[in-house]
Amino acid sequence: MTSQTVLVTGGAGYIGSATAHLLVRAGYRVVVFDNLYQGHRAAVPQQAAFVLGDLADRAAVSQVFDRYPDIGCVMHFASYTLVGESMERPFKYLRDNLVNALNLLEAMIAHGVKRFILSSTANLFDLPSDRAAEPIREDAPIAPGSPYGESKFFIERALHWMHRIYGLKYVSLRYFNASGALPECGEDHAPETHLIPLVLQVALGQRPYVTIFGDDYPTRDGTCVRDYIHVADLAEAHILAMAALDQLGARCYNLGNGRGFTVKEVVETARKVTGAPIPAVIGPRRPGDPAVLVASSESIRRELGWQPKHLDLESIIRSAWEWHRAHPNGYGDTHLGGEAPPALRDLPPASQREDKG
Ligand code: UDP
């Protein structure tokens, strides 16, 4: 380590805050940069410095590095992250996710900070079902399933050039389905779109039912298969990757448990964990969803000795349930409001547009 201070963009969000907590526990100094547009101030560890700011604002990004000259590594979580929304608002994803990352990288390079961990995604791999039958390795063909996945691929390509031109050292961590909670922080999106928190909201009586997006996929029960990986295991992978960055140079790793569960199996497991009936209805497929996404994390296991600790779905859902029961209204905060980020002022969602033909 050249420095013990880590800048965590999006450190008020779900995975960013969990990582910030584990960084603090491991003795690192943490600076969180977040616009609180999706994140929660209460999710940020008390020991971390907090800077309210937007990555679209180049001056604000640069000032963070001026103010905290001992930042030695950046973990970049801040991003628009919804597959379904990205099919409706492609510019928000393709442009803003990339431009915000470039603003950050430019400020880093200008300040001589050359160590970077990217929060990337399994949505890079929308493979035909015969290819997705095996767990997906890092050398599988890149085939983003949505503008969200594509935006992360754009950033990975930018990292490749920053590595070649400036010697940036980076690791891109392609998460499969982040899930579960730490006692200090859990999953609270507004609106919530993710399966496990939605199912738990049904268990809490906050929603009447959960909709299963499609039951005609080529899978064992017709519903999508995903690899659910505990947020603490993801956070640990970031810390391991950071410690090894100087030896690694440039790497992409897939992060998952290597076991897939269908949407119906998630609902059934949540029924068992919560004891609630959790009604489910079948709805249409969600655009942008690949049928099967299961990771091979062989590379990071072999090279860094990463070992996920939360292997079974039941214990992952149980940790999420404990957090949701303790925080039935999530963080209970209201978002800052005010001026919407630039992307929200662009085109209306694709499905609401009237074209001239
Ligand atoms: N899903 C669902 N109903 C919902 C939300 C999600 O059936 O209300 C499905 C979704 O189609 C996907 C899986 O659950 O196959 C996980 O979706 P989520 O949005 O949690 O994560 P993603 O796979 O988009 O990262």
Side-chain angles (χ1 to χ4, degrees), residues 10 12-19 21-22 38-43 77 81-85 121-122 175-215 221 223-235 255-257 259-283 286 289 293-294 308-335:
Y14 171 44
I15 309 170
S17 64
T19 306
H21 276 281
L22 293 202
Q38 299 168 101
H40 308 273
R41 182 66 183 87
F77 296 91
T81 58
L82 302 178
V83 166
E85 185 190 51
T121 176
Y175 323 146
F176 284 58
N177 284 62
S179 41
L182 300 182
E184 301 95 327
C185 56
E187 196 168 4
D188 175 11
H189 301 105
E192 190 54 75
T193 65
H194 292 102
L195 180 64
I196 292 177
L198 283 174
V199 164
L200 297 180
Q201 287 177 357
V202 178
L204 283 169
Q206 296 171 342
R207 292 175 186 266
Y209 58 85
V210 62
T211 303
I212 293 175
F213 294 150
D215 67 348
D221 62 18
T223 65
C224 286
V225 170
R226 293 288 179 273
D227 179 332
Y228 295 89
I229 174 82
H230 197 282
V231 69
D233 288 323
L234 292 180
L255 288 182
N257 269 326
R259 293 173 64 200
F261 294 95
T262 68
V263 175
K264 285 186 178 169
E265 287 162 355
V266 169
V267 175
E268 202 45 57
T269 306
R271 287 179 181 137
K272 189 171 160 202
V273 167
T274 63
I278 312 185
V281 302
I282 306 296
R286 182 174 67 177
D289 265 339
L293 287 173
V294 178
K309 296 190 183 90
H310 304 264
L311 293 176
D312 66 301
L313 186 61
E314 196 175 317
S315 81
I316 292 175
I317 293 183
R318 192 174 301 285
S319 75
W321 177 232
E322 280 161 14
W323 192 83
H324 281 272
R325 257 201 317 194
H327 304 85
N329 300 312
Y331 289 99
D333 52 356
T334 46
H335 284 270

Show your working on side-chain contact (heavy atoms from CB on, under 4.5 Å) between Thr19 and Phe77 and close with a plain yes or no.
CA-CA 10 Å; Thr19 306; Phe77 296 91; 3.4 Å; yes
For a quick test of your reading: what N or O donor-acceptor pairs under 3.5 Å do the side chains of residues 200-215 make, sequence neighbours left out?
{"unit_1": "Gln201", "atom_1": "OE1", "unit_2": "Arg207", "atom_2": "NE", "d": "2.5"}
{"unit_1": "Gln201", "atom_1": "OE1", "unit_2": "Arg207", "atom_2": "NH2", "d": "3.1"}
{"unit_1": "Gln206", "atom_1": "NE2", "unit_2": "Pro328", "atom_2": "O", "d": "2.7"}

Is there side-chain contact between Leu82 and His194, with at least one heavy-atom pair below 4.5 Å?
yes
Could you go through Val199 and Ile317, starting from their C-alpha distance and side-chain angles, then the distance that decides it, and tell me whether this counts as side-chain contact (heavy atoms from CB on, under 4.5 Å)?
CA-CA 10 Å; Val199 164; Ile317 293 183; over 6 Å; no
Spell out, as yes or no, whether a donor-acceptor pair under 3.5 Å connects the side chain of Asp312 to the backbone of Ser315.
yes
Do Cys185 and Tyr331 make a side-chain contact, defined as non-hydrogen atoms from C-beta onward lying under 4.5 Å apart?
yes
Residue pairs passing the salt bridge (charged side-chain N to carboxylate O under 4.0 Å, His left out) test with at least one member in residues 317-330, sequence neighbours excluded, are Glu314-Arg318
For Ser179 and Ile196 the tightest heavy-atom approach is CB-CD1, 3.7 Å
When every non-hydrogen atom of Leu22 is compared with those of Ala235, the smallest separation belongs to CD1-CB, 3.7 Å
Would you say that Lys272 contacts Ile278 through its side chain, given a criterion of any heavy-atom pair below 4.5 Å between the two side chains?
no
When you measure from the side chain of Arg271 to the backbone of Ala276, do you find a donor-acceptor pair of N or O atoms at a distance under 3.5 Å?
no
Is there a side-chain contact between Val266 and Leu313 in this structure, where contact means two heavy atoms from C-beta onward sitting under 4.5 Å apart?
yes
With Tyr175, which residues qualify under side-chain hydrogen bond (donor to acceptor under 3.5 Å, both in side chains), at least two apart?
Ser119, His238
The side-chain hydrogen bond (donor to acceptor under 3.5 Å, both in side chains) partners of Thr223 (sequence neighbours excluded) come to Asp221
Quick one: does any side-chain atom of His189 pair with a main-chain N or O of Gly13 as donor and acceptor, under 3.5 Å?
no
Work out which heavy atom in Arg259 is nearest to a heavy atom in Phe261; give both atom names and the distance.
NH2-CZ, 3.6 Å
List the atom of Val294, the atom of Gly260, and the distance in Å for their closest heavy-atom pair.
CG2-CA, 3.6 Å
Separation between CD of Gln38 and OG1 of Thr81, rounded to the nearest 0.5 Å:
5.5 Å
Mind checking side-chain contact (heavy atoms from CB on, under 4.5 Å) for His327 and listing every partner two or more places apart, or none if nothing turns up?
Trp323
Residue pair Thr121 / Val83, side-chain heavy-atom distance below 4.5 Å:
no
Checking Trp321 now: which residues fulfil side-chain hydrogen bond (donor to acceptor under 3.5 Å, both in side chains) with it, not counting sequence neighbours?
none
Return a table of donor-acceptor pairs under 3.5 angstrom between the side chains of residues 225-233 and protein atoms on other chains or two or more places apart.
{"unit_1": "Arg226", "atom_1": "NH1", "unit_2": "Pro290", "atom_2": "O", "d": "3.0"}
{"unit_1": "Arg226", "atom_1": "NH2", "unit_2": "Asp289", "atom_2": "OD1", "d": "3.4"}
{"unit_1": "Arg226", "atom_1": "NH2", "unit_2": "Pro290", "atom_2": "O", "d": "2.8"}
{"unit_1": "Asp227", "atom_1": "OD1", "unit_2": "Asn257", "atom_2": "N", "d": "2.7"}
{"unit_1": "Asp227", "atom_1": "OD2", "unit_2": "Asn257", "atom_2": "N", "d": "3.2"}
{"unit_1": "Asp227", "atom_1": "OD2", "unit_2": "Gly258", "atom_2": "N", "d": "2.8"}
{"unit_1": "Asp227", "atom_1": "OD2", "unit_2": "Ala295", "atom_2": "N", "d": "3.1"}
{"unit_1": "His230", "atom_1": "ND1", "unit_2": "Ala232", "atom_2": "N", "d": "2.9"}
{"unit_1": "His230", "atom_1": "NE2", "unit_2": "Ala181", "atom_2": "O", "d": "3.4"}
{"unit_1": "His230", "atom_1": "NE2", "unit_2": "Ser319", "atom_2": "OG", "d": "2.9"}
{"unit_1": "Asp233", "atom_1": "OD1", "unit_2": "Lys309", "atom_2": "N", "d": "2.8"}
{"unit_1": "Asp233", "atom_1": "OD2", "unit_2": "Lys309", "atom_2": "N", "d": "3.1"}
{"unit_1": "Asp233", "atom_1": "OD2", "unit_2": "His310", "atom_2": "N", "d": "3.0"}

Can you name the nearest heavy-atom pair linking Ala12 to Ala43, along with the distance?
O-CB, 3.7 Å
Atom OG of Ser17 and atom CD of Glu187: how far apart are they, to the nearest 0.5 Å?
10.5 Å
